[in-house]
Amino acid sequence: MAVSELVLMTDHSSTEGSRDTLVAAARLLTGRDPVLLDARHFTPGGSGRIRTDGGELRLEADGAGVTTDSVLVYEIPPHRRRDFEPAQHRLHEAGARSLGTDAAAWRAATEKDRTVECFTRDGIAHMPTVTLTRPGTREAAEAFELLGRDVWARPTVGMGGTDVFHITTHAQLAAAAHHYARAGAGWLIARDAGNFGPDGQRHQYRVVVLGGQVLRAVEHVQPDPDAPCNESRGAVSTRMDPGDLPTGLADLAVSAAKSLGLPFAGVDLAAENGGVVFEVNVHPAFGTDGGLETVAVPYVAAHLAPARP
């Protein structure tokens with residue numbers, strides 16, 4: 001294997017669980033565990049250093065150092081990604097083999113107002129959306145009316161369906177506005193997609209793409225019409241053959257990731273309204289049903305140098 005060490009850099013305060021799956025994938029591919037580094041060392045005020053010594057990339061943190069050319073970055077919570085941007089720039093400048101050094105792409109996906117701007121620019125289908133940053137009562141009400149009085153509100157930066165609300169009344173709109181104002185958060189409202197299956201339950205798809213290819217597809221079904229289609233909010237997820245996705249969704253997922261500049265992403269979308277994208281995830285969770293083989297292994301493999309003939 002033409003790498004000195006494979007480094008896996010994650011936020012060790014995260015309990016999301018992807019780190020263990022990536023370690024298992026690295027072990028399958030290389031026969032050894034990657035070197036684990038806490039990404040928090042490489043944020044402002046941290047002890048981490050990214051150096052190039054004699055053309056070699058060296059990472060130093062917490063009194064230890066490792067020489068590498070492959071740095072796998074994952075499981076960085078959305079609210080900490082801006083702090084990690086200087087490290088991304090430094091890794092890029094140092095020539096690290098990594099899919100996680102494009103800070104602009106991360107920001108475009110993480111900050112949902114930027115996502116909407118990219119989708120609008122590139123013609124990526126999505127539900128009509130209005131960004132609201134500390135709106136007045138009248139501004140919020142006008143946007144609500146414009147979008148048909150049936151909308152979903154979400155923070156510009158968030159994860160796991162937290163702080164997401166289905167709004168169909170002005171009272172609910174006012175409550176959401178108060179919630180975001182109290183948190184000091186920008187937010188958006190988007191027209192409801194009407195993504196109901198024949199059984200009356202909401203459903204959407206998570207499509208994971210890498211380098212323009214679909215790796216994995218999962219359908220999320222949510223029995224609560226007022227809750228987002230996240231497993232953490234009660235949705236049931238079922239893995240499916242990517243070939244069974246509704247027509248056009250695979251191509252739409254690939255186009256959405258490309259619009260944001262992400263070589264790897266988990267794209268949430270629905271078939272209704274001709275196919276629309278809800279959001280794009282920088283670090284999609286792998287899940288327990290084949291996520292190791294279908295996603296983690298190809299993702300890790302993309303960080304490894306080709307074997308020498």
Side-chain angles (χ1 to χ4, degrees), residues 11 13-14 43-45 76-86 88 102-122 124-195 204 224-230 232-233 256 259-262 265 267-270 273 276-283:
D11 185 322
S13 70
S14 171
T43 57
I76 311 296
H79 66 281
R80 288 185 171 159
R81 289 177 188 163
R82 281 214 177 193
D83 286 342
F84 190 68
E85 287 183 1
Q88 288 177 287
D102 192 333
W106 278 31
R107 189 178 288 195
T110 302
E111 300 175 13
K112 305 311 178 187
D113 52 340
R114 292 175 180 264
T115 303
V116 172
E117 291 173 1
C118 291
F119 286 175
T120 301
R121 178 196 66 203
D122 296 329
I124 305 300
H126 61 285
M127 295 306 294
T129 302
V130 176
T131 299
L132 299 168
T133 302
R134 291 178 171 77
T137 301
R138 182 174 179 178
E139 180 187 354
E142 288 177 349
F144 180 55
E145 294 288 336
L146 177 67
L147 296 176
R149 297 189 182 187
D150 188 355
V151 303
W152 286 84
R154 55 180 174 168
T156 53
V157 177
M159 67 181 294
T162 303
D163 301 319
V164 176
F165 309 103
H166 185 209
I167 298 173
T168 57
T169 70
H170 281 278
Q172 291 173 330
L173 179 69
H178 177 71
H179 175 87
Y180 295 124
R182 186 172 54 191
W187 53 297
L188 309 89
I189 55 174
R191 184 176 295 163
D192 186 280
N195 50 321
Q204 66 184 50
D224 183 351
D226 296 317
C229 288
N230 297 82
S232 61
R233 300 294 298 276
S259 173
L260 303 181
L262 292 171
V267 184
D268 293 336
L269 67 177
N273 292 278
V276 291
V277 179
F278 295 133
E279 67 176 343
V280 180
N281 300 270
V282 175
H283 298 149

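This structure is a prediction, so every number in the text was calculated from the model and none was measured.
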- Message: To the nearest 0.5 Å, what is the distance between CD on E111 and CZ on R82?
- Response: 4.0 Å
- Task: Would you confirm whether N281, through its side chain, and H283, through its main-chain N or O, come within 3.5 Å as a donor-acceptor pair?
- Result: no
- Taking the side chain as every heavy atom from C-beta outward, state whether V277 and V267 have any atom pair closer than 4.5 Å. yes
- Message: Once rounded to the nearest 0.5 Å, what's the spacing between atom CZ of F278 and atom NZ of K112?
- Response: 13.0 Å
- Scan for salt bridge (Lys or Arg N to Asp or Glu O under 4.0 Å) pairs involving residues 160-183, sequence neighbours excluded, and state none if there are none. none
- Which pair of heavy atoms, one from V280 and one from A265, lies closest together, and at what distance? CG1-CB, 3.5 Å
- Query: Step by step, would you call R80 with S13 a side chain to side chain donor-acceptor pair (under 3.5 Å)?
  - Reply: CA-CA 11 Å; R80 288 185 171 159; S13 70; 2.7 Å; yes
- Query: So do F165 and W187 actually touch side chain to side chain, heavy atoms under 4.5 Å?
  - Reply: no
- Query: Where is the tightest heavy-atom contact between N195 and C229, given as atom of each residue plus distance?
  - Reply: ND2-SG, 4.5 Å
- Query: Just by distance, do the side chain of T115 and the backbone of A108 share a donor-acceptor pair under 3.5 Å?
  - Reply: yes
- Message: Please check if the number of heavy atoms outside R138 that lie under 6.0 Å from its CZ is greater than 12.
- Response: no
- Task: Measure from the side-chain N and O atoms of N230 to the backbone N and O of R233, and report whether any donor-acceptor pair falls under 3.5 Å.
- Result: no
- Student check: side-chain heavy atoms of V116 and L188 closer than 4.5 Å: yes
- Any donor-acceptor N or O pair under 3.5 Å, side chains Q172, T168: yes
- Query: OG1 of T137 to CD of E142: how many Å apart, nearest 0.5 Å?
  - Reply: 11.0 Å
- Query: Between OG1 of T43 and CD of E85, what distance do you get to the nearest 0.5 Å?
  - Reply: 12.5 Å
- Task: Mind checking salt bridge (charged side-chain N to carboxylate O under 4.0 Å, His left out) for D268 and listing every partner two or more places apart, or none if nothing turns up?
- Result: R206
- Message: Please give me the minimum heavy-atom distance between S259 and I124, naming the atom from each residue.
- Response: CB-CG1, 3.8 Å
- Query: Any donor and acceptor pair, going by atom type alone, linking the side chain of T129 with main-chain N or O of M127 inside 3.5 Å?
  - Reply: yes
- Task: Could you tell me the separation between the CG atom of L173 and the NE2 atom of H178, rounded to the nearest 0.5 Å?
- Result: 13.5 Å
Atom pairs and distances, donor-acceptor, side-chain atoms in residues 143-152, under 3.5 Å, two or more places apart:
{"from": "E145", "atom 1": "OE1", "to": "R149", "atom 2": "NE", "distance (Å)": "2.8"}
{"from": "E145", "atom 1": "OE1", "to": "R149", "atom 2": "NH2", "distance (Å)": "3.2"}
{"from": "E145", "atom 1": "OE2", "to": "R149", "atom 2": "NE", "distance (Å)": "2.9"}
{"from": "E145", "atom 1": "OE2", "to": "R149", "atom 2": "NH2", "distance (Å)": "3.0"}
{"from": "E145", "atom 1": "OE2", "to": "H170", "atom 2": "NE2", "distance (Å)": "2.8"}
{"from": "D150", "atom 1": "OD1", "to": "H166", "atom 2": "NE2", "distance (Å)": "2.6"}
{"from": "W152", "atom 1": "NE1", "to": "D192", "atom 2": "OD2", "distance (Å)": "2.7"}

- Message: Could you measure the distance from the CG atom of L260 to the CZ atom of F119? Nearest 0.5 Å is fine.
- Response: 5.0 Å
- Of all the heavy-atom pairs spanning A193 and N273, show the shortest one and how long it is. O-ND2, 2.7 Å
- Message: Using side chain to side chain contact (heavy atoms under 4.5 Å, CB included), reason through R154 and E279 one step at a time and then give a plain yes or no.
- Response: CA-CA 11 Å; R154 55 180 174 168; E279 67 176 343; 3.7 Å; yes
